[in-house]
Amino acid sequence: MSLRVLRFAVLSSVVLCASRALAQAAAPPSAAAESAAGVTPPRLVRAQPAIIPEGESLEQPVAVTLALTIDESGHVSGSEIVESGGERFDQSALAAVREFEFEPAQRGGTPIASKIRYRYVFPASPPPPAPTPEATTPVPTTPILAATSEGGSAKPGAASEPEEFSAVATVEAPPREPTRRSISGEILAEMPGTRGDALRAIEVLPGVGRTSLNNGDPILRGAGQDESQTYLNGAPVPFLYHFGGLTSFFNSRYIERVDLYPGNFSARYGRVSGGVIEVRSKDPRTDGFHAGFDLNLIDSSAFVSSNVGKKASFAVSGRRSNIDLVFSKFVPKDAYSVVAAPVYYDYQALGTYRIDARNTLRIVGYGSRDSLQLMFSHPNDEDPSLSGKIAGTIAFHRLQVELDDKLGDSARQNLSITGGYLSANQQIGQFEQQISGAELHGRNEWHVEFIPELSATFGIDFYGQFMSGRYYGPAPDQYEGNPSDQNSSLTRRTVSGLAPTINVIRPGAYLEFGVRPTRRLLLIPGLRADYYGDVDHSSIDPRLAARYELSPSLTLKTGVGYYSQAPQYWQALALVGNPHIEPYHALQTSLGFEARAGNTLKFGAEGFYKWLDNRIVGTPNGAEPRFINDGEGRIYGAEISTEFRPTPNTFGYLAYTISRSERRDRDGAYRLFDHDQPHILSIAAGQNLGRGWSVGGRFRFVSGDPTTAVVGSVFDARTGIYVPQYGPVNAERNPAFQQLDLRVEKKWIVGTGGLSVYLDVLNVYNAKNPQGYRYSYDFSKKEAVPGLGLFPNLGLKGEL
Amino acid sequence: MSARNTLTLSLSLTAISLCNIGCDDSLKDVTLIEETRVLGARIESDVDAGQATPNPGDSASLRLFVAATSAEPNFSYALSVCAVQDTTLGFPPCASAPFASTIRVEPSPSDARLDFSVPDDIDLKDTPHAFARGLICPDSSLILAADGSPSCATGSGKEVAYEFPLGGAKEDNRNPGFAADALLLDGEPWLASTETSCDSHALPQVAAKSLHGLRVTLSESDFELLEQANSVEPARETLLVSNFATAGKLDHGFISLNVDTPPDQRRVDWAAPPLADSVPLLVRFYFVVRDARSGEDFTTRALCVVP
């Protein structure tokens, strides 16, 4: 998410804007050092020389432009390459800027975090002498500045003495939530065990559980997968991963940042009661034409990007899985034939147009398609409904238009509209589902800063889904906490046939304030209202977050809020659901702190408690009205997180969560949630070894999911299959999950581009990680179903 | 089902079935009769044995099809039947007390059978189905607890359930049937037999470890016509045949048949077992045919595996 600094002025307008702000140094630095409203950009007080890489002979100057994040203490807390000067020069510049010290940016005399563009120019010079440890040639400590307000190219050439810079400086507004955990930049792409998938990198963050067989979106603080939502640039996406867990749907190359809100999130987000994952796409590069590829065992991708004039840039990328190339080799041919092996595609097209200094237009198009088709020679021996064709295809295509509009010095508007098409087709023998139609999401958000101590955000958003199709299959039932539904043979289910038209219209509005009664205390009261047109219900959700800065290195935080969850559309569908079902709610609370030790260590701890009310549960035996609001839940626990960066070339993450997640259905006793995972431990570390080599590792330990024991079976003479009889729901537990992943990468500079080879080894010691059990036909015997074993993914990346 | 869950379910089911079909199934072979098992059930109206849906006031019988490794399974049992409402999931609970029940306390090779009369006053709108539930105790006597619940004196027994529609014009259904010449062994008629050993050479003989094709033929009339809600043209029933053997290996357990299923798809292959001591082995085969509306029939065959 872009960081902006807002130039403050007192407004008499009642227009409200987003809590982010943009400060602009439009004049020479000294003149821009203070704005009329008391915001000053950071000032460099100590620079660190950058070393010309050994053996390099510069016939022309080499420029490296970086984006630096400067924290409230003036240290560089983050840096990434914006315009590369080549791998070795990039690394040298990164190493140097991380040692810089600044006077931090200030608002009203209070130090605040900020972000600036910074440009190093390595001047042309003769080759250095033969390398010895002492013979390094420092670059003059005179970085050339990104002189234009939009960060365009600066003139080459080194100044002879330090100058103050002028740059586009952006200030990160204080968080609107007690807990926001972010991963950005190179960490996203290089996290071991993720195959370079940015959206899998969140697995190292606390509060993020896992699902068996990576079966879908992550579990956030004990909430169900359908109770959390992933957003791309503020618009909800249908799902996160291809095939329920293999690879995320958006190429990580164009992800700038992933923010995780495990709970107590801002009033900006609604209609979910669990957590939020916000993905921010990256603007295409503006430094000319680039192209590249990534080939590995799982998928292949390619991209091109370029600037168009001085104000615009675009990027296009596409990806296709490689699974189908080998799938047939592992399929028993006498059992079934493969009509279409599993295959996924995704594509992204991004365009940015900087209309003027105040307005930026972004257009993002993206899409995804997963499909699979098998033909069974004979009905399955244990469930004859599995016969004939088994096929599934899910696809969506989206176009998002976003306008960032600075209405004034302290007012801002962000308008985004996302429209698209979604289709989901599934066939299992005689049963089928075909649903397709349009989706629409819109958001218009205003932010205004009245005075430094008071800001407000007002927004309206809309979600609509207009689908139609047909369905012939078992009537849906409560899934979570219902082993009969999860493991039931389709043969025995009563079948419904319908041709539904699904119109889901859900507008919402929100209002949130940022109040600083004292310099150290920030209060964020908010209110969100939603209307659920499909069930004709509404909800009002008050929320409050607070942050208190005990010291520059220690912040206390807390939050309390009400979060309403929309029903799934099929739960409210006539004939198979209950049109009178209501939304359900969660009351979330949290309390914790964030601490830092210099620039190398961040540490945080947080406790949370959530009450779930009015949960939607199924009726006994699926009797009418099929679904009712007669369930409850409670989730509580604590998290610790540590981020460690002892050197610019080293990173480390450690996260641990202890928690308990329980549900109660109708008048039953409390039981464990299907994905209650009391212990989640994630440790990740990476090291840049130099000379293009980098290594990393990740270890995860997650408690096994609860499971319901099969205590017997009954032979159903009508269908010819056995029906399992269950013990208490979720009274037993699968073995714990543990996995070590390692990554090694070697990069080369090739001409003006680069080439890298990487090896991601998943599950290095081949832990079995049972995901559950499969049973004999009469449920008298069982054996564990192993998870993914040792898997080496070798890849080759290249870029011009 | 949400878009998010759609493909996940499809793929999960595929993964499960891939594992079940493609993995080395070291658990249990569903087609192999290794113990006394219930394989099917059939309702026969007293007026017409082919009628599978008795009306209120009709007398009928429920028969269980029980298979064992020996010629005659030896077991005790308890059965009861009650009226139930429609349910979408799980076994339906009884709407009232069972209207018929039977027990056989001591084990015997006789059929398991429950004779009953459908009460005249059953409201078919409220309780359109009947539900039979029972327990068989192989080689064991049956014990009734004080509350009437049955259990086996030795072993855990085999629970069985069977739901069937009660009569009415819409629910009228006939049992499919195996004719005498319904089965072919390697293309030759394979008739039922009461032989209990290979000594008389009256049974078909096959070599140990040889491969054979078993084919099922059903009468066109067994594929009853079904009304379709969105078509004037009625559809034909699909019938499912399940097959079992006391030895050897059948390559799959179900054959799905339509009226026009070609002959090569009405077939299941069977691999004869090796003979441990060159003594001919009598192998029994059990076949059950089902429609999707509780109509069933069953039959047995036998052959001898010789060295």
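Here is how names work: the chains are called A, B, and so on, in the same order as the sequence lines, proteins then strands, and each is numbered from 1. Predicted, not measured: the structure shown is a model, and the values here were computed from it.
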At a 4.5 Å cut-off on heavy atoms, which part of [X] comes close to chain A: side chain, backbone, both, or neither?
X        : result
B:Val38  : both
B:Leu39  : backbone
B:Ala292 : backbone
B:Ser256 : both

A:Gln725 versus chain B, the contacting section by heavy-atom distance below 4.5 Å: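 The answer is the side chain of A:Gln725.
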
Side chain / backbone / both / neither for A:Ser423 at chain B, heavy atoms under 4.5 Å: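 Neither the backbone nor the side chain of A:Ser423 comes within 4.5 Å of chain B.
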
Leading residue by heavy atom contact count with chain A [cutoff under 4.5 Å; candidates B:Ser294, B:Pro93, B:Gly295]: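 If we count pairs closer than 4.5 Å to chain A, B:Ser294 comes out on top.
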
Atom pair [atom1] ([X]) and [atom2] ([Y]), whose distance is rounded to the nearest 0.5 Å:
X        : Y        : atom1 : atom2 : value
A:Tyr777 : B:Thr31  : OH    : OG1   : 9.0 Å
A:Tyr722 : B:Arg37  : OH    : CZ    : 4.5 Å
B:Leu27  : A:Lys782 : CG    : NZ    : 11.5 Å
A:Ile721 : B:Phe254 : CD1   : CZ    : 7.5 Å
A:Phe715 : B:Ile136 : CZ    : CD1   : 10.0 Å

Under 3.5 Å donor-acceptor, B:Arg290 side chain and A:Arg718 backbone: yes

A:Asp381 side-chain N/O to B:Gly253 backbone N/O, donor-acceptor pair under 3.5 Å: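 Side chain of A:Asp381 to backbone of B:Gly253, a donor-acceptor pair under 3.5 Å: yes, one is there.
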
Check: B:Phe91 and A:Val714 side chains under 4.5 Å, non-hydrogen atoms: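 Yes. Closest side-chain heavy atoms under 4.5 Å.
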
Within-4.5 Å side-chain heavy-atom neighbours: A:Val723 and B:Glu159: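 No. Closest side-chain heavy atoms not under 4.5 Å.
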
Partner residues of B:Asp297 under the side chain to side chain donor-acceptor pair (under 3.5 Å) criterion, sequence neighbours left out: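 For B:Asp297 the side chain to side chain donor-acceptor pair (under 3.5 Å) partners, ignoring immediate neighbours, are B:Arg42.
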
